[in-house]
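Everything on this sheet refers to the single structure shown next.
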Amino acid sequence: MDAGLYIVGTPIGNLEDMSYRAVRTLTEVDLILAEDTRKTGILLQRYEISKPMLSCHEFNERSRVERVLHEIDSGRAVALVSDAGMPLISDPGSRLVQAVREAGFFTTSIPGPTALTTALALSGWGQDGFIFLGFPPNKSAGRRRLLESLQEESRTVVLYESTHRISKLLADIAELLGDRPVFMARELTKKFETLQQGTAAELTLFLESHSSKGEFVIVLGPL
Ligand code: SAM
């Protein structure tokens, strides 16, 4: 296997969503950089892959760059995976990928699932373009500023949100974007996958009568 950096997509919930190429790549590389080595360990165990791992997350990515450049320069193949989905999509890796490419080393990706495209396809929107904004700001003022800036945005908008802030996000959407249609995808590919479309106020009522636990993608329909 050629020395370089292999950016490998992994499942967003359902462990069967690993591609053959992802399994083969993780089997053949010399080292796996993982956001959380314990979580990636579960995936590797499922596919009977035994490989040295090194953590690479938002708090140590900067210090990992030199180490990875050295590994690749010494002829080794290094894989980068995140806890779920595609690395760098609202996940760490940006600094590392840029450094490896700037150093002139081989870089490639083994594409896999991502919550962004899975939810977008299920929404039925976005064929004429969309914008992806990742997580809205945690703090209320920043989140509201972002939503205000979307009042004139006619394209489909995709946002990520966690269990802790989904209710606040929906309340702010209801207040600032009114009746704009919203598609909510929860726990994609998992046992309790939930897909629901309505206004933000309707989705709030839905979550009040069901559980609001899980990982969410919110898609704002086009105007
Ligand atoms: N790299 C990932 C990807 O490719 O989608 C995203 C990682 S980001 C840290 C985690 C967020 O992605 C979650 O809070 C949620 O908004 C979204 N997400 C990830 N997996 C999901 C799933 N199975 N169902 C719904 N949303 C999911």
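Start at 1 with the first residue, then count along the sequence. Every value quoted in this text rests on a predicted model; they were computed, and no experiment measured them. Both ligands and their constituent atoms are indexed starting at 1 by order of listing.
- At the shortest separation from atom 5 (O) of ligand 1 among protein heavy atoms lies Tyr160 OH, 2.7 Å.
- In this structure, the protein non-hydrogen atom closest to atom 22 (C) of ligand 1 is Leu188 N, 3.5 Å.
- In this structure, atom 10 (C) of ligand 1 lies nearest to the protein heavy atom Phe135 CZ, 3.7 Å.
- Remark: Glu175 engages Arg144 in a salt bridge, criterion side-chain N to carboxylate O under 4.0 Å.
- Closest to atom 23 (N) of ligand 1, if we only count protein heavy atoms, is Ile12 O, 2.8 Å.
- Looking at Asp91, its side chain never comes within 3.5 Å of a backbone N or O of Asp83 through a donor-acceptor pair.
- Side chains of Ser109 and Met86 form a contact here, defined as non-hydrogen atoms less than 4.5 Å apart.
- Geometrically, ligand 1 and Ala185 share no nitrogen or oxygen pair separated by less than 3.5 Å.
- Only the backbone of Phe216 comes within 4.0 Å of ligand 1, counting heavy atoms alone; no side-chain atom from C-beta on gets that close.
- The single protein non-hydrogen atom nearest to atom 6 (C) of ligand 1 is Ile89 O, 3.4 Å, given as residue, atom name and distance.
- The protein heavy atom nearest to atom 20 (N) of ligand 1 is Glu215 OE1, 3.4 Å.
- Across Thr114, Asp83, Ile166, heavy-atom proximity to atom 3 (C) of ligand 1 is greatest for Thr114.
- Counting heavy atoms closer than 4.0 Å to ligand 1, residue Ala115 contributes atoms from both its backbone and its side chain.
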Leu150 vs Leu133, side chain to side chain contact (heavy atoms under 4.5 Å, CB included): CA-CA, chis, key distance, verdict: CA-CA 11 Å; Leu150 296 175; Leu133 297 174; 4.0 Å; yes
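- Contacts between Asp91 and ligand 1, counted as non-hydrogen atom pairs separated by less than 4.0 Å, involve the side chain only.
- Salt bridge status for Arg24 with Glu28: present, with a side-chain N to carboxylate O gap under 4.0 Å.
- Distance alone, capped at 3.5 Å, places no donor-acceptor pair between the Glu161 side chain and the Ile218 backbone.
- Not a single N or O atom of Gly85, backbone or side chain, sits closer than 3.5 Å to an N or O atom of ligand 1.
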Candidate pair Glu71 and Leu54, rule side chain to side chain contact (heavy atoms under 4.5 Å, CB included), full reasoning: CA-CA 12 Å; Glu71 294 285 343; Leu54 196 62; over 6 Å; no
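- Ligand 1 has no atom lying under 4.0 Å from any heavy atom of Gly13.
- Set against the non-hydrogen atoms of Lys190, the atoms of ligand 1 under 4.0 Å away are 23 (N).
- At least one donor-acceptor pair under 3.5 Å links the side chain of Ser149 to the backbone N or O of Leu146.
- You'll find the side chain of Leu203 stays beyond 4.5 Å of the side chain of Ile173, heavy atoms only.
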Full working for side chain to side chain contact (heavy atoms under 4.5 Å, CB included) between Ile49 and Val23: CA-CA 8 Å; Ile49 299 169; Val23 173; 4.3 Å; yes
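- The shortest N or O to N or O distance between Glu161 and ligand 1 is below 3.5 Å.
- Gln98 and Ser94 are linked by a side-chain donor-acceptor pair at a separation below 3.5 angstrom, with hydrogens and angles left out of the test.
- Taking atom 2 (C) of ligand 1 as the reference point, the nearest protein heavy-atom neighbour is Ala84 O, 3.2 Å.
- Here the protein heavy atom with the shortest distance to atom 26 (N) of ligand 1 is Val217 CG2, 3.5 Å.
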